[in-house]
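First the structure, in the form of structure tokens, and then the observations on it.
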Amino acid sequence: MRWYDRERRDLPWRRTRDPYAIWVSEVMLQQTRVETVEPYYRRFLERYPDVSSLATASVEEVLAVWSGLGYYRRARQLHKAAAQIQLGGDFPKTMEELQKLPGIGPYTAAAISSIAFDVPVAVLDGNVERVISRQQTLDGPLRSAAGKRALLAAAQTWIDPKRPGDSNQALMELGATLCSPRAPRCPSCPVASTCGALARGQVERFPQRDGRKAPVRMRLAAVVVKRRRRVLLFRRSEESDLLAGLWEPPVVSLDADEEMSADLRRRYGGRWHLDESYGAFRHAVTNKLLEVDVRGGRVRFTGTIADRTEAGWFLPEEIDELPTSGLVSKALRSRG
DNA sequence: CAATCGTGGAG
DNA sequence: TCTCCAAGATT
């Protein structure tokens with residue numbers, strides 16, 4: 001705690017104890033770095049300063065403000081939960097109440113509960129997992145339920161009942177700034193003298209890495225079509241597993257040839273041209289549309305335009321108000 | 001339990 | 001350029 005009081009970063013969500021603000025920050029911080037979250041947090045709270053303003057906004061607008069932050073389900077759930085909170089009256093305080101809200105799991109519930117309401121419950125996030133597993137030399141299967149329980153129990157012993165929120169944040173701060181996954185700064189660590197992994201000279205071996213599946217690589221080309229300052233965008237279907245409901249320019253897979261059956265490739269080849277009306281590519285000869293369905297990394301051909309999503313032409317300043325992915329919002333904003 | 005959801009920075 | 005993975009939740 002002495003180390004934290006001395007070294008803690010001055011972050012916007014550490015300047016408030018408003019449960020709503022803490023909640024927003026915690027959801028944004030899920031799997032997302034502090035530096036990335038900061039500007040989004042400021043913008044979000046400016047636009048939606050309280051539960052009521054968020055609850056009455058449209059999902060579309062909330063998604064637009066969220067554009068570029070990723071994991072868009074979080075924005076939908078935040079919006080949905082705001083409505084639930086407003087109906088319930090008081091802001092939920094306990095782990096149990098908080099976890100009933102969409103988008104709030106064990107970590108976020110403990111974080112809000114301890115930081116905003118002084119409830120002495122430990123959080124278990126990636127940082128705490130790493131710090132504890134190193135300090136206690138817990139090399140077991142961290143992914144298992146039993147492993148999580150052991151870590152949580154250990155984390156709980158670090159909680160200062162007088163300052164639950166700060167002790168949680170201290171552990172996370174340690175993991176984020178010194179006890180990093182790679183190249184940890186052990187010489188500066190306040191608990192170095194008690195660290196089991198350091199004593200063994202095996203800090204970077206903790207926690208045990210889990211075998212990760214190789215990602216599917218896709219080469220995609222986004223085509224920016226401009227006509228009198230306006231840019232062509234189309235809207236992904238709400239049912240899409242990926243970037244559902246978000247706007248984007250026409251996108252085609254550069255690996256389409258590999259996905260095409262040998263037969264189709266022989267007969268139709270790659271003579272596609274952009275169909276501006278539908279934001280897809282139409283084959284020069286067959287008049288078929290090339291629809292890019294990113295689900296499963298597969299490209300499909302469709303013969304109809306019936307299931308095309310909405311399309312439109314937008315001015316650069318209008319794009320800010322649309323729900324888009326980071327690729328679109330950042331690229332189009334910076335390059336017009 | 002394991003897969004899935006976006007994006008960006010560090011090493 | 002490439003790998004790893006971050007203040008996780010959900011199914």
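Atom set for the values below is all heavy atoms of this structure, side chains included, hydrogens, waters and symmetry mates excluded. A note on names: the letters A, B, ... follow the listed sequences, proteins ahead of strands, and every chain is numbered from 1.
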Residues from [range] sitting under 4.0 Å of DNA chain C, heavy atoms only?
range: residues 118-126 of chain A; value: A/D125, A/G126
range: residues 18-37 of chain A; value: A/E26, A/L29, A/Q30, A/Q31, A/R33
range: residues 93-106 of chain A; value: A/P102, A/G103, A/I104, A/G105, A/P106

Quick one: do [X] and [Y] make a salt bridge, cutoff under 4.0 Å?
X: A/R236; Y: A/E248; result: yes
X: A/R17; Y: A/D118; result: yes
X: A/R130; Y: A/D125; result: no
X: A/E318; Y: A/R230; result: yes
X: A/E26; Y: A/R74; result: no
X: A/R9; Y: A/E38; result: no
X: A/R15; Y: A/D10; result: yes
X: A/R14; Y: A/E173; result: yes

Anything under 30° is parallel, anything over 60° is perpendicular, the rest tilted; go ahead and classify A/W247 against A/F314.
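Because their plane-to-plane angle is over 60°, the rings of A/W247 and A/F314 count as perpendicular.
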Side chains of A/T108 and A/Q30: any donor to acceptor distance under 3.5 Å?
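Result is yes, a qualifying pair exists.
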For [X], report the nucleic acid contact type (base, sugar-phosphate, nothing); a contact means any heavy atom under 4.0 Å.
X: A/W13; result: base
X: A/G68; result: sugar-phosphate
X: A/T108; result: sugar-phosphate
X: A/R76; result: nothing

Using the side-chain heavy atoms of [X], tell me which of these nucleotides is nearest: [options].
X: A/S325; options: B/dG9, C/dT10, B/dT7; answer: B/dT7
X: A/Q169; options: C/dA7, B/dG6, C/dA9; answer: C/dA7
X: A/R182; options: C/dA7, C/dA9, B/dA10; answer: B/dA10
X: A/R73; options: B/dA10, B/dG6, C/dT10; answer: C/dT10
X: A/A145; options: B/dC1, C/dA7, C/dA9; answer: B/dC1

Taking the nucleotide of DNA chain C with the closest heavy atom to each, which residue, A/P181 or A/Q77, is nearer the 5' end?
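Checking each residue's closest nucleotide, the 5'-ward one belongs to A/P181.
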Which whole-number value in Å describes the distance from [X] [atom1] to [N] [atom2]?
X: A/E129; N: C/dC5; atom1: CD; atom2: P; value: 12 Å
X: A/N127; N: C/dG8; atom1: CG; atom2: C1'; value: 12 Å
X: A/Y72; N: C/dA9; atom1: OH; atom2: P; value: 19 Å
X: A/E204; N: B/dA10; atom1: CD; atom2: C1'; value: 12 Å
X: A/L178; N: C/dA7; atom1: CG; atom2: C1'; value: 16 Å
X: A/L63; N: B/dG6; atom1: CG; atom2: P; value: 11 Å
X: A/I112; N: C/dG8; atom1: CD1; atom2: P; value: 13 Å
X: A/R74; N: C/dT11; atom1: CZ; atom2: P; value: 16 Å

Test the A/R43-A/Y40 pair against the cation-pi criterion, namely NZ or CZ under 6.0 angstrom from the six-membered ring centroid and within 45° of the ring axis.
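Checked: cation-pi criterion met.
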With rounding to whole Å, what would you report as the distance between C/dA7 and B/dA2 at their P atoms?
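Looking at atom P only, C/dA7 and B/dA2 are 23 Å apart.
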Work out how far the P atom of B/dG6 is from that of C/dT11, and round it to whole angstrom.
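Their P atoms lie roughly 14 Å apart.
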If you count heavy atoms of other groups shown closer than 6.0 angstrom to CD of A/E35, is the number above 12?
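Yes.
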side-chain N/O A/Y40 vs B/dT7 OP1/OP2, d < 4.0 Å
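So the side-chain polar atoms of A/Y40 never come under 4.0 Å of the phosphate oxygens OP1 or OP2 of B/dT7.
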Mind listing the closest non-hydrogen atom pair of A/R185 and A/S180 along with its distance?
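Looking at all heavy atoms of both residues, the shortest contact is NH1-OG, 3.7 Å.
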Between A/L246 and A/S180, just flag the one whose closest nucleotide in DNA chain B comes earlier from the 5' side.
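Final value for this comparison: A/L246.
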Could you check A/Y71 against A/A183 and say which one's nearest nucleotide on DNA chain B is further toward the 5' end?
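Its nearest nucleotide lies further toward 5', so the answer is A/Y71.
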